[in-house]
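Counting starts at 1 for both ligands and their atoms, following the listed order.
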Amino acid sequence: MQTRFLGIPELAQPPSVAVVIDVMRAFTVAAWAFARGAEEIVLAGSLDEALALKARHPDWVALKDGAPAPGFDIVNSPALLRTYDLGGRTVVQKTTAGTVGALAVREAPLVLCAGFVVAEATARLLRARGCDSVTFVVTGEDGRADEDLACAQYIARRAAGAETDPTGFLRRAAASRAATELAQGLRRGAHPDDVALCLELDRFPFAMVATEEDSLMVLRPYTALSPVDETLD
Ligand SMILES: O=C(O)[C@H](CS(=O)(=O)O)OP(=O)(O)O
Ligand SMILES: [Mg+2]
């Protein structure tokens with residue numbers, strides 16, 4: 001399997017397979033949203049777009065990173081989401097890095113969004129699809145965020161079928177700038193448990209697949225038995 005690890009500014013042509021990584025915190029939050037019952041997550045291109053979608057669909061749940069803001073229901077914190085009932089709801093999510101990275105590869109035929117919490121399910125899907133070329137989008141810090149790069153490198157090894165000790169990869173993520181700033185309380189819309197939740201390897205059994213639907217980028221959980229199977233074949 002050929003792998004590339006690119007920051008968002010380095011993306012040129014749409015890759016055939018893109019795995020967009022945001023460990024802290026967008027795609028850890030997305031996975032928790034599905035675990036709390038969300039049906040789908042619409043990835044918004046801007047705060048204004050998120051608010052416009054929410055205005056058109058008042059039953060949707062609007063989520064942004066950073067501080068809470070008028071019009072938004074929740075923030076980008078896995079720990080704060082843990083107790084939120086999202087049963088059957090559509091979430092519209094806008095963050096600084098993760099959602100931007102997914103939208104940057106929206107033309108790719110296969111787009112997965114991932115963090116450590118869905119690492120093995122993501123690798124399993126890449127193996128099942130027999131992907132020979134995969135582009136990992138390292139969303140944080142223009143490709144230099146070590147929590148995202150470590151997660152991408154770990155998933156790449158597992159996707160290639162290599163037995164891999166996750167310890168060193170998780171240690172790098174725990175020492176990253178994002179983890180440090182979250183732990184020091186320097187980031188808004190955060191909870192003290194966020195870092196630990198972002199480092200829970202394989203917490204969830206599903207991968208997350210983003211597809212374009214009616215000009216929106218929509219993220220859904222994927223397991224081997226998901227209905228989305230048919231659209232991926
Ligand atoms: O929410 C996050 O962790 C970050 C931005 S910040 O922490 O609010 O500055 O956004 P993400 O797109 O999830 O990396
Ligand atoms: Mg991030």
* **Intermediate values then yes/no, side-chain contact (heavy atoms from CB on, under 4.5 Å), Val20 and Leu112** => CA-CA 6 Å; Val20 188; Leu112 310 183; over 6 Å; no
* **Steps toward side-chain hydrogen bond (donor to acceptor under 3.5 Å, both in side chains) verdict (Asp48, Ser46)** => CA-CA 5 Å; Asp48 284 347; Ser46 66; 5.4 Å; no
I need the nearest protein heavy-atom contact for [atom]: residue, atom name and distance, please.
{"atom": "atom 7 (O) of ligand 1", "value": "Arg187 CD, 2.8 Å"}
{"atom": "atom 1 (O) of ligand 1", "value": "Asn76 ND2, 2.7 Å"}
{"atom": "atom 12 (O) of ligand 1", "value": "Thr95 OG1, 2.6 Å"}
{"atom": "atom 4 (C) of ligand 1", "value": "Asp65 OD2, 3.6 Å"}

* **N/O/S from Thr95 sitting under 2.8 Å away from the Mg ion (ligand 2)** =>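 Checking Thr95: none of its N, O or S atoms is under 2.8 Å.
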* Asked: Are Arg25 and Asp194 close enough for a salt bridge, meaning some N to O gap below 4.0 Å?
  ->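 Here Arg25 pairs with Asp194 in a salt bridge, since their nearest N and O are under 4.0 Å apart.
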* To do: Give the atom name of whichever N/O/S atom in Asp22 sits closest to the Mg ion (ligand 2).
  =>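 Sorting the N, O and S atoms of Asp22 by distance to the Mg ion (ligand 2) puts OD1 first.
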* Counting both backbone and side chain atoms, is some N or O of Thr99 under 3.5 Å from an N or O of ligand 1? -> no
* To do: Enumerate the atoms of ligand 1 whose separation from the nearest heavy atom of Ala97 is less than 4.0 angstrom.
  =>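 That gives atoms 11 (P), 12 (O), 14 (O) of ligand 1.
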* Which ligand 1 atoms, with their elements, are less than 4.0 angstrom from a heavy-atom of Gly66? ->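 Once the distances to Gly66 are compared, the set is 8 (O).
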Is it true that [Y] and [X] share a donor-acceptor pair across their side chains at a distance under 3.5 Å?
{"X": "Thr95", "Y": "Asn76", "value": "no"}
{"X": "Thr99", "Y": "Gln93", "value": "no"}
{"X": "Thr135", "Y": "Arg4", "value": "yes"}

* To do: May I ask whether Val100 and Leu103 are part of the same hydrophobic cluster, defined by side-chain heavy atoms of I, L, V, M, F, W, Y residues being less than 4.5 angstrom apart, directly or through others?
  => yes
* Asked: Given Asp22, Thr96, Asp194, which has its nearest heavy atom closest to atom 11 (P) of ligand 1?
  ->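 Ranked by closest heavy atom to atom 11 (P) of ligand 1, first place is Asp22.
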* To do: Using a 4.0 Å heavy-atom cut-off, say whether Met24 meets ligand 1 through its side chain, its backbone, both or neither.
  => backbone
